[in-house]
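Worksheet for the structure shown next.
In what follows, every heavy atom counts, from backbone to side chain, and hydrogens, waters and symmetry copies are set aside.
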Amino acid sequence: MSDIHPTAIIEDGARIGQDCRIGPFCVVGPEVVLGDRVHLKSHVVVTGNTRIGDDTVVFPFSTLGEIPQDLKFKGEKTRTEIGRRNRIRECVTVNAGTEGGGGVTRIGDDCLLMACTHVAHDVLIGNRVILVNSSGVAGHVIVEDDVIIGGLSGVHQFVRIGRGAIIGALSKVTRDVIPFGLVQGDEGRLDGLNLVGLKRRNVPREEIAALRAAYRALAEGDGSFQERARRLGEETDSDYVRAIVDFVAGDTDRSFLTPRG
């Protein structure tokens, strides 16, 4: 039921879903599983133990599931999981996981990876995430739902980016970013909340007001950043503020970008 161009190479063992389209000069490895209606436009390489979900479109010269750019990698069995309805544009690279990092690189549903973006080994990306042209996400990074990472930005390994945050273009992000945060500048400073994103998602005004008050409390309150976040957790009844509190309390290998008073 699928449309496979005669110049494409589908290795023995690959599993191709219904109504897929595989264009000229694509290569699909023996452990690959493509869901239904996946479209590989042309010159796409999908290799390794890689699964791609239904209705995902991959544009020319992208490489998905190749071994990680990690000198510690010794050929162990790891995998790449890409969800449904993703748009993966030209020259994107997504590397498989490593044994020491959990063994999987995972991308959720409804994401847009623009041209020349890179997703390194053991990265976990949520749903509805946008990586803008030529941005890069280093190994072991966690990117939660509804995040936008601006063009030519780089995210340091082991960093977490909380739900609904936005990273401006040309930013270097070396510390964790709270949910709904706005990061900009070449040194990646936390510069407020992603108010535009909150409004676009129709977050109620009272919740946005609660987030603004929480941001001020995190910037100006007594004690350490973590202590201020704990106090917020004891005082708030907002689910959105609670998301920030839980994020700060979570496990991390990095420090936090913090609000400035």
Side-chain angles (χ1 to χ4, degrees), residues 23 26-27 32 34 38-48 50-53 55-70 78-98 101 104-174 176-177 181-186 188 194 197:
C26 291
V27 177
V32 171
L34 302 183
V38 170
H39 185 186
L40 310 182
K41 292 219 165 190
S42 76
H43 300 84
V44 173
V45 175
V46 187
T47 187
T50 300
R51 292 175 175 265
I52 299 179
D55 301 299
T56 288
V57 180
V58 187
F59 285 71
F61 301 104
S62 292
T63 300
L64 311 177
E66 190 53 272
I67 65 171
Q69 300 175 88
D70 183 344
T78 60
R79 65 191 193 278
T80 305
E81 297 177 359
I82 298 172
R84 298 171 296 174
R85 298 181 301 277
N86 291 292
R87 297 295 177 266
I88 300 174
R89 295 303 305 245
E90 298 82 357
C91 302
V92 169
T93 51
V94 179
N95 290 166
T98 64
V104 61
T105 300
R106 182 178 292 119
I107 297 172
D109 301 333
D110 301 299
C111 296
L112 171 59
L113 279 59
M114 294 189 188
C116 301
T117 54
H118 174 63
V119 177
H121 59 88
D122 305 296
V123 167
L124 304 178
I125 291 179
N127 302 318
R128 300 175 300 279
V129 170
I130 299 174
L131 272 58
V132 181
N133 302 73
S134 300
S135 57
V137 181
H140 313 280
V141 165
I142 297 174
V143 182
E144 296 185 352
D145 294 348
D146 300 305
V147 167
I148 298 174
I149 298 177
L152 293 165
S153 293
V155 182
H156 192 283
Q157 62 183 355
F158 294 102
V159 161
R160 298 180 302 148
I161 300 180
R163 151 190 165 205
I166 184 168
I167 312 299
L170 295 164
S171 295
K172 177 178 69 176
V173 183
T174 60
D176 288 359
V177 179
L182 164 65
V183 174
Q184 55 187 355
D186 56 357
N194 182 15

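Rounding to the nearest 0.5 angstrom, the gap separating the OG1 atom in T93 from the CD atom in E66 is 10.5 Å. Rounding to the nearest 0.5 Å places CD of Q184 at 11.5 Å from CG of L170. Distance check, rounded to the nearest 0.5 Å: SG of C116 to CE of M114 gives 12.5 Å. The OG1 atom of T117 sits 8.0 Å away from the CG atom of L112 when rounded to the nearest 0.5 Å. Note that the CG atom of L131 and the OG atom of S134 stand 11.0 Å from one another [nearest 0.5 Å]. Interatomic distance, I52 CD1 to L64 CG, rounded to the nearest 0.5 Å: 5.0 Å.
Partners of R87 under the salt bridge (charged side-chain N to carboxylate O under 4.0 Å, His left out) rule, at least two apart in sequence or in another chain, do not exist in this structure. Annotation: ring pair (Phe, Tyr, Trp, His ring centres under 6.0 Å) contacts of F59 (sequence neighbours excluded): none.
V94 is not listed as a side-chain neighbour of I88, based on a closest heavy-atom distance of 4.5 Å or more. Considering only heavy atoms from C-beta on, F61 stays 4.5 Å or farther from E90 through its side chain.
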Task: Stepwise side chain to side chain contact (heavy atoms under 4.5 Å, CB included) check, V27 with T47 - done: CA-CA 8 Å; V27 177; T47 187; over 6 Å; no
Open item on the list: Determine whether V155 and I167 satisfy the following criterion, side chain to side chain contact (heavy atoms under 4.5 Å, CB included), listing intermediate values before the conclusion.
Closed with: CA-CA 10 Å; V155 182; I167 312 299; 5.6 Å; no
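Without hydrogens or angle criteria, N86 side chain to G108 main chain gives a donor-acceptor distance under 3.5 Å. Without hydrogens or angle criteria, S171 side chain to G185 main chain gives a donor-acceptor distance under 3.5 Å. No donor-acceptor pair under 3.5 Å is formed between the side chain of T78 and the backbone N or O of A96. For T80 (side chain) and T50 (main-chain N/O), no donor-acceptor pair under 3.5 Å exists by modelled atom type. A donor-acceptor pair under 3.5 Å is absent between the side-chain atoms of D109 and the main chain of N127, judged by distance alone.
The shortest non-hydrogen separation linking L113 to V92 is O-CG2, 3.7 Å.
Pairs of residues two or more places apart, or lying in two chains, that qualify as side chain to side chain donor-acceptor pair (under 3.5 Å) and include a residue from residues 145-168 are R128-D146, R160-D176.
Using bins of under 30°, 30° to 60° and over 60° for the plane-to-plane angle, the ring pair H140/H121 lands in the perpendicular bin.
Electrostatic pairing of R85 and D110 counts as a salt bridge here, judged by a charged N lying under 4.0 Å from a carboxylate O.
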